[in-house]
Each structure stands twice: as C-alpha cells, then as structure tokens.
Amino acid sequence: MKTQTSVAVVYHSVTGTTAGLAEATLRGANQIDGVRAFPVRIEGGDIHEGRYRNASALKAMGEADAIIFGSPTFMGSVSAQFKAFADATSEFWFQRHWAGKLAAGFTIGNNPSGDQLNTIQYLNILANQHGMLWVGIDLPGGFDPEGRNRLGAQSGLIAHARDGMLDPADIATASYLGSRVAALSRRFVPERVENGSYSL
Ligand SMILES: Cc1cc2nc3c(=O)[nH]c(=O)nc-3n(C[C@H](O)[C@H](O)[C@H](O)COP(=O)(O)O)c2cc1C
C-alpha cells in the first residue's frame, strides 16, 4: 500500500458551475487520510490550432492514482475544450500509462434532462479507452437522507444549474464523489512493479 495516493480533478468550465463542482470534489477527496487531491483546469489558452498542449498538466495527472473528469454539457456532450484535452491523452493510450488508475466523472447542464448522461457516458468511455477503473455513485437517487444524488444518475454526477447557480445538493454530491474515489484509491490502487505487472 502506498503511504499516500493522489487524485487529480481535471475539468473545464466557462461560467464557473463546473469549477464549483470541481472544488467540492477536491474538498471531499482531501478529507480522506493519506490522499492528496489537486485540480487541473483546462484553459482555452492550452489549446493551439485545436490541439491541447499543456505538457506539465498532462504529466501531473499522469502521476495521479485516480482522475476525476469534469465538463459542462455543451450540445449534449463534453465541451470542445475538454475533447481537445481528451484527444491529447491518446499518447498515453499507446503506452497504457493510465491503465489501472481509478476514474469518475461529473457534468452539469442548465436543463434538468439536457442530455448530461451522454457526457457522463463519454467520460466513462474515455476512462475505458485508457483501461482505467470507473467509479460510479453508490448513493441511491431519491433515497439519500441528505438529498444527495437528487437527479438519480448512478454512473456519475449529473448536476443541473438554475439561473447559473449550483444547487447545494449537487455540491454535496460532488464532495461525496471526491471522498468515494479518494477512499477507494486507498484500497484499490496497485503499486506498479518493475516488470510492468501490479502488486496490491
Ligand atoms: C454552447 C453551449 C451548449 C450547451 N448545451 C447544453 C446542453 O446540451 N444541455 C444542457 O443541459 N445545457 C447546455 N448548456 C448549458 C451549460 O451546460 C450550463 O450553462 C453549464 O452550467 C455551464 O457550465 P460552466 O458554468 O462550468 O461553464 C450549454 C451551454 C453552452 C454555452
């Protein structure tokens, strides 16, 4: 078992709601002993002629044991900026560099059912392309005493912004998701050993 595991929260946000969910996710992850969580914000300035080129950000997340992906839902999927980032990770796909890391995802839209599920499913596919292990939400939608997971998505956090504002229940769900991924990173992240195999 590693003495410390790390969780990267990689996200894009224009008007700040996805950023608010990312902050809550980080707070939740950092509450877990032995875990260091850090943000990687995808900026428009990282993208040159359509290609995401932030080598230091890619290096930092490559060293994390878990990566939580966050994007606003734009036209029923991830934002163009997030997709540019996702395409840039293909160099790690060749190397299987992210295989075995934990992954999870969150998104937000301004409609209660604005096709956010497609965004979560894209994030799940991205994780699976890399051989990552997807972590959903185990809070039963509609049955949590604290009202978390109010929209009932189990595969990731779907949030809904009203008038550009975050709902407190969505913030609480993001914090829970961060804690869950962080806690699981303490249990499941294997140590890579010299010959490329894993030891638990
Ligand atoms: C280009 C664009 C497309 C959008 N498409 C959707 C959509 O398909 N479904 C939805 O529910 N909201 C959609 N929205 C609303 C955003 O998802 C919403 O405002 C979100 O809170 C923005 O996240 P941010 O504050 O992190 O930038 C769209 C917004 C923009 C600007």
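By convention here, the first residue in the shown sequence is residue 1.
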- [ ] Would you check, one step at a time, whether the test side-chain contact (heavy atoms from CB on, under 4.5 Å) holds for Val40 with Val9?
- [x] CA-CA 6 Å; Val40 179; Val9 178; over 6 Å; no
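Under the 3.5 Å distance criterion, with hydrogens and angles disregarded, a donor-acceptor pair is assigned to the side chains of His12 and Ser79. Under the 3.5 Å distance criterion, with hydrogens and angles disregarded, a donor-acceptor pair is assigned to the side chains of Thr119 and Thr73.
With sequence neighbours excluded, the residues satisfying side-chain hydrogen bond (donor to acceptor under 3.5 Å, both in side chains) with Asn128 are Asn124. Residues that satisfy the side-chain hydrogen bond (donor to acceptor under 3.5 Å, both in side chains) test with Ser179, not counting sequence neighbours, are absent from this structure. With sequence neighbours excluded, the residues satisfying side chain to side chain contact (heavy atoms under 4.5 Å, CB included) with Glu23 are Arg27. Remark: Thr89 engages His130 in a side-chain hydrogen bond (donor to acceptor under 3.5 Å, both in side chains) (not counting sequence neighbours). Residues satisfying the salt bridge (charged side-chain N to carboxylate O under 4.0 Å, His left out) criterion with Asp115, sequence neighbours excluded, are absent altogether. For Asn30, there are no side-chain hydrogen bond (donor to acceptor under 3.5 Å, both in side chains) partners, not counting sequence neighbours.
Other members of the hydrophobic cluster containing Trp93, listed by chain and number, are Phe94; membership follows side-chain contacts under 4.5 Å among ILVMFWY residues, whether direct or relayed.
Residue pairs meeting the salt bridge (Lys or Arg N to Asp or Glu O under 4.0 Å) criterion with at least one partner in residues 76-93, sequence neighbours excluded, are Lys83-Asp87. Note on residues 35-62: pairs passing side-chain hydrogen bond (donor to acceptor under 3.5 Å, both in side chains), not counting sequence neighbours, are Asp46-Asn54, Asn54-Ser56, Lys59-Glu63. Listed by first then second residue, pairs satisfying side-chain hydrogen bond (donor to acceptor under 3.5 Å, both in side chains) with a partner in residues 133-158 read Asp138-Tyr176, Asp138-Arg180, Asp144-Arg148, Arg150-Asp170, not counting sequence neighbours.
Transitive grouping of hydrophobic side chains (ILVMFWY, heavy atoms separated by less than 4.5 Å) brings Leu166 and Leu26 into a common cluster.
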Contacts under 3.5 angstrom, residues 14-22 side chains, donor-acceptor by atom type, not counting sequence neighbours:
none

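Looking only at distances, a side-chain donor or acceptor of Thr107 sits under 3.5 Å from a matching main-chain atom of Ser71.
Using a 4.5 Å cut-off on side-chain heavy atoms (C-beta onward), Phe85 and Leu58 make contact.
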